[in-house]
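Data block below; observations after.
All heavy atoms count here, side chains included; hydrogens, waters and symmetry mates do not. Reminder, nothing fancy here: chain letters follow the sequence lines and each chain counts from 1.
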2 protein chains.
Amino acid sequence: MSKFKDFVGEEKGPQCPRSYILALTDTLNVIQGKWKLPIIASLLRGMNRFKDLLASSEKITPRMLSKELKELEINGIVQRIVYDQTPVLIEYRLTESGRDIATVIDSMIDWGMLHRSQLMPTKSQ
Amino acid sequence: MSKFKDFVGEEKGPQCPRSYILALTDTLNVIQGKWKLPIIASLLRGMNRFKDLLASSEKITPRMLSKELKELEINGIVQRIVYDQTPVLIEYRLTESGRDIATVIDSMIDWGMLHRSQLMPTKSQ
DNA sequence: GTAGGCAGTATACAAAAGTATACTGCTAAT
DNA sequence: ATTAGCAGTATACTTTTGTATACTGCCTAC
């Protein structure tokens, strides 16, 4: 049976274990926001410098990129690595969990495709 | 390999198939927003009337519940069923896809728990 | 005929998320 | 000395999302 099934709002108290709720909100924090997934995708593809990430997700502003990277770092999804050379070089890299989140995204893609095919049985595109 | 890996922002064009991006954004639309998951959980637990949903997610306002249910209906997650008796009875029910989304949520819970255990190896709670 | 339940809607407001534009401090090369 | 690149920060917005509070229309039971 689904782990999620017994989730309810905070006030009534969840029926499923609290650890499930914590885990779920962690995951939501990682994928929520307009730029999180584009940034994670760029990191997966090997972009690791600020300027490259800025260029790869065209239209993101440095303010947003900076903010999102900080949140991802706080949440243990990326590491910020400072190479103490001149000029200083800074790299962002996905942690192991960060790389693993692709499996969650893939399950979202799977569900989405199944869902679309059920809505429009013939032309599923 | 991950389906998601080659996602990038719209301007540069995604490297992964467009159908993946559509599927992913569909899924995000279903789970995004403060009340979507609490509502889906309540529906999974067999709540199907407006007043019951209002009461189960304590603190949600009728305006928000109404809005979220409409979006879920548009996205093919819930059906609104009108029983033409007096007084009229209206039920909200998850579609098959709607029920299936629990598997996505479960994969989010799984990742979140793994992630937590990697951040704090000893006490994973 | 009035009070109450059901299924919402209307209006106004507050808070959160995102954008635009300009700027900083450091170094390195010309 | 000046210009340019890197890695951001600062300030002031605009847009989106969510909240508060009150109200509607329909029916039923008292």
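Note: CG (B:Asp52) to P (C:dC6) measures 8 Å, nearest angstrom. Protein atom CD of A:Glu71 is 12 Å distant from nucleotide atom C1' of C:dG18, rounded to whole Å. Rounded to an integer number of Å, the gap from NZ of A:Lys67 to P of C:dA17 is 7 Å. Rounded to whole Å, atom C1' of C:dT27 lies 13 Å from atom CG of A:Leu89. In this structure, the CG atom of B:Leu54 is 10 Å from the P atom of C:dA7, given to the nearest Å. Rounded to an integer number of Å, the gap from CE of A:Met64 to P of C:dA16 is 14 Å. What separates CD of A:Gln32 from P of C:dA16 is a distance of 14 Å, to the nearest Å.
Nearest to the side chain of B:Arg63, among C:dA7, C:dT11, C:dA28, sits C:dT11.
In this structure a side-chain-to-backbone donor-acceptor pair under 3.5 Å is present from B:Thr95 to B:Gly76. Using a distance-only test at 3.5 Å, with no hydrogens or angles considered, a donor-acceptor pair links the side chain of A:Trp111 to the main chain of B:Ser97. In this structure, B:Asp106 contributes its side chain and A:Lys3 its backbone to a donor-acceptor pair below 3.5 Å.
For the atom pair CD1 of A:Ile21 and CG of A:Asp6, the computed distance is 9.5 Å after rounding to the nearest 0.5 Å. Distance check, rounded to the nearest 0.5 Å: CH2 of A:Trp35 to CG of A:Leu69 gives 12.5 Å.
Two residues, B:Lys51 and A:Lys34, neighbour DNA chain C, and the one matched to the more 5' nucleotide by heavy-atom proximity is B:Lys51. Toward the 5′ end of DNA chain C lies the nearest nucleotide of A:Glu68, the other residue of the pair A:Thr86 and A:Glu68 mapping further downstream. Each of B:Ile60 and B:Pro87 was assigned the nucleotide of DNA chain D with the nearest heavy atom; the assignment lying further toward the 5' end belongs to B:Ile60.
Using a 4.0 Å cut-off, some side-chain N or O of B:Arg49 falls inside it from OP1 or OP2 of C:dA7.
Under the side chain to side chain contact (heavy atoms under 4.5 Å, CB included) rule, A:Asn29 has a single partner from A:Ile77, A:Asn75, A:Leu24, which is A:Asn75.
A nucleotide of DNA chain D counts as in contact with chain A when one of its atoms lies under 4.0 Å from a heavy atom; the first and last such, 5' to 3', are D:dC6 to D:dA12.
The side chain to side chain donor-acceptor pair (under 3.5 Å) check on A:Gln32 picks up nothing, with sequence neighbours excluded.
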